[in-house]
Chemist: 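To start, I am sharing the structure in question, which I have written as structure tokens.
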Amino acid sequence: MCLGIPGKVIEINTQENWAVIEAFGVKSKIYTPLIEEEIAIGDYLMVHAGYAIGKIDTEEAGRTLKMLEEIAQIDA
């Protein structure tokens, strides 16, 4: 199963096409060349396999993060 995780952008390097995101308290460096829109600190990106695959709004990111937290509680 493939799963995208939303992450909040906390650092950006536009010259090297990467950003650092934070999700569930974990910071990860991800690559951004697939995103055509401008990325800013505080934006949410959908991430899969280390690559940003889409820019999403704060509301959608919140719903997805909440759903993932609920799934994690079921498996616990």
Side-chain angles (χ1 to χ4, degrees):
M1 180 171 97
C2 298
L3 184 64
I5 304 289
K8 186 175 186 177
V9 176
I10 58 172
E11 184 179 341
I12 302 169
N13 184 319
T14 55
Q15 293 180 341
E16 296 181 13
N17 289 324
W18 58 261
V20 175
I21 60 155
E22 184 171 4
F24 301 111
V26 177
K27 296 176 184 172
S28 303
K29 180 179 175 181
I30 54 107
Y31 292 94
T32 61
L34 302 175
I35 305 297
E36 294 180 1
E37 300 173 65
E38 185 174 327
I39 300 169
I41 301 292
D43 285 345
Y44 280 88
L45 301 175
M46 186 61 75
V47 178
H48 176 70
Y51 282 84
I53 57 174
K55 187 174 173 181
I56 60 175
D57 63 37
T58 303
E59 187 176 311
E60 182 179 353
R63 284 194 309 266
T64 304
L65 288 168
K66 183 178 178 186
M67 182 183 64
L68 292 171
E69 288 174 348
E70 291 171 356
I71 291 170
Q73 290 176 359
I74 291 171
D75 284 345

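Residue numbers run from 1 in the order of the sequence given.
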Chemist: Are Val47 and Ile10 co-members of a hydrophobic cluster defined by side-chain heavy atoms under 4.5 Å apart?
Modeler: no
Chemist: Using every non-hydrogen atom in the two residues, find where Leu34 and Ala52 come nearest and quote the distance to one decimal.
Modeler: CB-O, 3.6 Å
Chemist: To the nearest 0.5 Å, tell me how far Lys27 NZ sits from Ile21 CD1.
Modeler: 12.0 Å
Chemist: Ile12, Ile35: one ILVMFWY side-chain cluster at the under-4.5 Å cut-off?
Modeler: yes
Chemist: Return yes if some donor-acceptor pair links the side-chain N/O of His48 with the main-chain N/O of Ile5 below 3.5 Å, else return no.
Modeler: no
Chemist: Minimum heavy-atom separation for Pro6 to Leu68, with atom names?
Modeler: CD-CD1, 4.1 Å
Chemist: To the nearest 0.5 Å, what is the distance between CD1 on Ile30 and CG on Asn17?
Modeler: 10.0 Å
Chemist: If I take atom OH from residue Tyr31 and atom CG from residue Asn13, how far apart are they, to the nearest 0.5 angstrom?
Modeler: 10.0 Å
Chemist: If you count every heavy atom of other residues, nucleotides or ligands that lies below 6.0 Å from Glu36 atom CD, does the total exceed 12?
Modeler: no
Chemist: Which pair of non-hydrogen atoms, one from Thr64 and one from Met46, has the smallest distance, and what is that distance?
Modeler: CG2-CE, 4.4 Å
Chemist: When hydrophobic residues are tied together by side-chain contacts of less than 4.5 Å, even through go-betweens, does Ile41 share a cluster with Ile39?
Modeler: yes
Chemist: Atom CG in Asp43, atom OG1 in Thr58: separation rounded to 0.5 Å?
Modeler: 8.0 Å
Chemist: Does Leu3 share a hydrophobic cluster with Phe24, counting links as ILVMFWY side-chain heavy atoms below 4.5 Å and allowing steps through other members?
Modeler: yes
Chemist: Over all heavy atoms of both residues, which pair between Glu37 and Lys55 is shortest? Give the atoms and the distance, please.
Modeler: OE1-CD, 3.6 Å
Chemist: Decide whether Tyr51 and Leu45 are clustered together by the hydrophobic rule: side chain heavy atoms of Ile, Leu, Val, Met, Phe, Trp, Tyr closer than 4.5 Å, transitively.
Modeler: no
Chemist: Identify, with sequence neighbours excluded, every residue that meets side chain to side chain contact (heavy atoms under 4.5 Å, CB included) alongside Lys8.
Modeler: Tyr44
